[in-house]
Protein chains: 4
Amino acid sequence: MSERATTPGPRADMVRNRRLLIGAATEAFAECGVDVSMGEIAQRAGVAKGTVFRHFASKEDLLAAITLQLLDQLIGSANRLLEADDATEALREFMTAGVEMLAADRAFCEVVGRPSLQSSEVRKAIARLADVVEVLTARAREQGAIRNDITGTDVVLLLGGIHQTAAPVLDTQPQIWRRYLELAFDGLTTTNARELPHRPPDRLQLTDPLG
Amino acid sequence: MSERATTPGPRADMVRNRRLLIGAATEAFAECGVDVSMGEIAQRAGVAKGTVFRHFASKEDLLAAITLQLLDQLIGSANRLLEADDATEALREFMTAGVEMLAADRAFCEVVGRPSLQSSEVRKAIARLADVVEVLTARAREQGAIRNDITGTDVVLLLGGIHQTAAPVLDTQPQIWRRYLELAFDGLTTTNARELPHRPPDRLQLTDPLG
Amino acid sequence: MSERATTPGPRADMVRNRRLLIGAATEAFAECGVDVSMGEIAQRAGVAKGTVFRHFASKEDLLAAITLQLLDQLIGSANRLLEADDATEALREFMTAGVEMLAADRAFCEVVGRPSLQSSEVRKAIARLADVVEVLTARAREQGAIRNDITGTDVVLLLGGIHQTAAPVLDTQPQIWRRYLELAFDGLTTTNARELPHRPPDRLQLTDPLG
Amino acid sequence: MSERATTPGPRADMVRNRRLLIGAATEAFAECGVDVSMGEIAQRAGVAKGTVFRHFASKEDLLAAITLQLLDQLIGSANRLLEADDATEALREFMTAGVEMLAADRAFCEVVGRPSLQSSEVRKAIARLADVVEVLTARAREQGAIRNDITGTDVVLLLGGIHQTAAPVLDTQPQIWRRYLELAFDGLTTTNARELPHRPPDRLQLTDPLG
DNA sequence: GATGAATGAGATTTCATTCAT
DNA sequence: GATGAATGAAATCTCATTCAT
């Protein structure tokens, strides 16, 4: 009884369409990158183009929503790993999850790697991600497992770099990112090396102060 | 004597325009990426749209020409460094040159990172690059300076990865790629580490056997 | 009853635009030939250029649709005349209808006369036309009214020829094709003449076996 | 000696180029029709595009020149046949020559069949052709070989019509125009037929009084 | 006089977005 | 709220013609 009273209209369809739409957009952006057309997304969702624009005012908005969803997954993953005993292994697991996500999603890479594609929401989420990764990294640092001068932002940036290293051969060697993740990890854990030549990166959302 | 006096045709303008055009295209692709329009390039060069198409029959051709020019610079750089005494330092210098070039050029990254944008000429040039880098890498390996299981193709792929690591903050910290280059280099030189978890990448031109 | 009341969608406008578009295209192709631009057609229909492409995916498609419509009219005409008592008079009527249609339509002539402009649909329709005209012709032949060695394909080809004879003066003497139709008909009915010097034409769709 | 005195400049090249150009244009128009590009013609002639425009101020002019040349051949042919004893056979030979020329030349057909492509020069030449064919026809008529109501203009128009009848199958049956020439000729010589239904065509140049 | 580079109008086509139904 | 037709800006590319060399 009480349920019906609070939701008067035919909201069910809308909720369902939104779900379909997000699923289709997630897939389409992942496969085709940010240049996939709104028409293609509508078609994959089995709805009309107008419906896409009712749910997301512009392509930019839709892309932001999808990207945020992925970033939130990554943030959740990092948060869960904060509880782990072995901080170094936790960091490796986080990076594995992150690169794996990038490897499977063309648009996500494009957005994360190009500030001009980032809405302010996305930038905020990236900052949140950087914050939690900062903690994850600090714990590993404190265990003496990684270099002193590595920050959480370094780690976040490395996700994109490791993915990109593998990207040109992803079609023929889809798992090769694991090789470059290990290589990068070896760089991170080279604790007796001399200090790195450039100060750590600024916090990520500062990249473009307009948003 | 008399031969030099009679420069034959009205080539002066064309040469000048071609130079302007290549300059404009190099800049425009570098700043805006491969999606910049031919009209924008024409405008930057100060010529009419038709002139662009007289010099380069299609956008694809123009992009290939610009990309080849950059790849040739890189190949030249690698060839020169083959003469160096310290192979490890030579490798580091080559990687520095490569990442620096990528850092300055959005389209170059896009082309190098996406096989579908590569003409057969470009693929051949990438293969040539991989070949000479293979030698450069072998020499460093023989000096015992880098891991046994690192190939030249790994090194070429790493250029894109290092660049990408820095790309999101390039606007505010344009030199930060040096940090990630060092980090990657430390990974390469971790000679006492366990073997990397995935076999080395295939030679690069094999990505798409059509070219 | 109630079913008829609920016309489902906003189809009214589309149907109207499609009609306008087909009308405009029919006219424009008829007046200007196949080289008329899609922009001109859009303008004549009073719609935007994009609308033309929503209804017909390419210029080729639009031209095919218009041509098919005319061919279907002709095929219908021929089919109806199969019922006539006087086969010779039926043949004359069919030819009258055919030449009249051509006389009014530049693009139709160009398409019918140039295999490279014919889509496979159009070629099939021409073949269907040739088939029914074959029957029409056979009946007239059996009545002893026309030469023994005249086929339906001859008759179809003659439509274009008769039209072309009149075309150069069509502007000033729009009905003169009737003169040349009669003249050709007299050629067809010259039953005591010697045999024609070249074997009959092949069936029409065989011109380009790709379709 | 005397030769050199009257032609001072380097006229030889120009004359040669003009000849090359006319040859190339004749071929190109014949094979490709009026839509062939000026660049293609220049290339076939082995000269630069600018040279084409020095000799012929516009594409229209070049097309007119080539068309006139062909019309003059036809006029010459008709004039020679005025001398023949058998006027009917002469008429048949003239028509054979005319249709053969059309069969070999796409642009010629297009120009002859479309008044809008005819310069005033071309229209005048067509009128001259009609005049001499008028005589040729009159002689055959006087021999009682062809219908009373056939004029020279009818005959000229028929050339295009006969050609067009065969055009759609010209690729696979290149000689089939002979069939339709014979058929048309049988129409012309059906002397006991009733009068044709439309008055004869006006003299040809009157089609478009603007030129 | 010949050259061929430059021009720029115009053609086809795509696609994010708006809006009538 | 959903639909999908309409819009129109923008992109690539072609070609007759002009003009500097």
Side-chain angles (χ1 to χ4, degrees), chain A residues 9-15 17-18 35-43 47-60 62, chain B residues 7-18 21 35-40 42 45-60 62, chain C residues 7-18 21 35-40 42 45-60 62, chain D residues 9-15 17-18 35-43 47-60 62:
Chain A
R11 210 66 133 276
D13 277 32
M14 197 182 158
V15 169
N17 274 344
R18 191 178 185 88
D35 284 339
V36 74
S37 80
M38 292 295 262
E40 165 84 14
I41 291 169
Q43 213 171 338
V47 303
K49 261 193 299 193
T51 305
V52 187
F53 284 90
R54 171 163 296 276
H55 286 268
F56 302 93
S58 69
K59 187 179 180 177
E60 210 180 327
L62 175 54
Chain B
T7 28
R11 237 34 152 282
D13 275 37
M14 190 201 178
V15 169
R16 184 175 151 274
N17 271 340
R18 192 180 185 88
L21 216 36
D35 285 338
V36 73
S37 82
M38 292 295 261
E40 165 84 13
V47 302
K49 261 183 299 192
T51 303
V52 187
F53 286 92
R54 156 165 286 274
H55 287 266
F56 301 94
S58 70
K59 187 179 180 178
E60 211 180 328
L62 175 55
Chain C
T7 28
R11 239 31 155 284
D13 276 36
M14 190 199 179
V15 170
R16 185 176 149 275
N17 271 341
R18 192 179 185 88
L21 217 35
D35 285 339
V36 74
S37 82
M38 293 294 262
E40 165 83 14
V47 302
K49 261 183 298 194
T51 304
V52 187
F53 286 91
R54 157 163 286 274
H55 287 267
F56 301 93
S58 69
K59 187 179 178 177
E60 210 181 325
L62 175 54
Chain D
R11 209 67 132 274
D13 276 36
M14 199 184 156
V15 170
N17 273 343
R18 190 179 186 90
D35 284 338
V36 74
S37 80
M38 291 296 261
E40 166 84 12
I41 291 169
Q43 215 171 337
V47 303
K49 260 195 296 192
T51 305
V52 187
F53 284 90
R54 172 162 296 275
H55 286 269
F56 302 94
S58 69
K59 188 178 179 178
E60 211 181 327
L62 175 55

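Everything quoted here is computed from the prediction, not taken from an experiment. Below, chains carry the letters A, B, ... as their sequence lines are ordered, and counting in each starts from 1.
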query = By side chain to side chain contact (heavy atoms under 4.5 Å, CB included), which residues pair with C:F53, not counting sequence neighbours?
reply = C:M38
message = Just the rounded figure in Å: distance from C1' of F:dC15 to CG of D:L62.
response = 15 Å
remark   = d(D:F56 CZ, D:T51 OG1) to nearest 0.5 Å is 11.5 Å
key: By side-chain hydrogen bond (donor to acceptor under 3.5 Å, both in side chains) - contacts of B:E40 (at least two apart)   = B:R44
key: Candidate pair C:D35 and D:D35, rule side-chain contact (heavy atoms from CB on, under 4.5 Å), full reasoning   = CA-CA 10 Å; C:D35 285 339; D:D35 284 338; 3.3 Å; yes
message = What is the separation between atom CZ on A:R18 and atom P on F:dA2, rounded to the nearest whole Å?
response = 11 Å
Residue closer to the 5' end of DNA chain E, D:V47 versus B:G46 (nearest nucleotide) = D:V47
remark   = Residue set satisfying side-chain hydrogen bond (donor to acceptor under 3.5 Å, both in side chains) with D:H55, at least two apart, ordered chain then number -> none
Sub-3.5 Å pairs of nitrogen or oxygen atoms, protein against nucleotides 13-15 of chain E:
| from | atom 1 | to | atom 2 | distance (Å) |
| --- | --- | --- | --- | --- |
| E:dT13 | OP2 | C:K59 | N | 2.9 |

ask   = Pick the nucleotide of DNA chain F nearest each of C:T51 and B:V36; which residue has the one closer to the 5' end?
value = C:T51
request  = Answer yes or no: does a side-chain N or O of C:N17 lie under 4.0 Å from OP1 or OP2 of F:dA5?
outcome  = no
inquiry  = Nearest whole Å is fine: how far is E:dA5 P from D:Q43 CD?
reply    = 12 Å
ask   = What's the CZ-C1' distance between B:F56 and F:dT14, to the nearest Å?
value = 18 Å
inquiry  = Both atom distances under 3.5 Å, Watson-Crick or G-U wobble: I'd like the secondary structure of DNA chain E as a dot-bracket string, with | for pairs made across strands.
reply    = .||||||||||||||||||||
key: Pairing residues for C:A42 by the side chain to side chain contact (heavy atoms under 4.5 Å, CB included) criterion, not counting sequence neighbours   = C:V47, C:K49, C:V52
note = From NE2 of A:H55 across to P of E:dT17 the rounded distance in Å is 16 Å
request  = Starting from C1' on F:dA16, measure out to CD on D:E40 and report it in whole angstrom.
outcome  = 15 Å
message = Without decimals, in angstroms, what is the distance between C:D13 CG and F:dA6 P?
response = 7 Å
remark   = Rounded to whole Å, the CE-C1' distance (C:M14 to E:dC19) equals 16 Å
ask   = Hey, does the side chain of A:K59 reach the backbone of A:S37 with a donor-acceptor pair shorter than 3.5 angstrom?
value = no
inquiry  = If the condition is side chain to side chain contact (heavy atoms under 4.5 Å, CB included), which residues does D:S58 pass it with, not counting sequence neighbours?
reply    = D:E60, D:D61
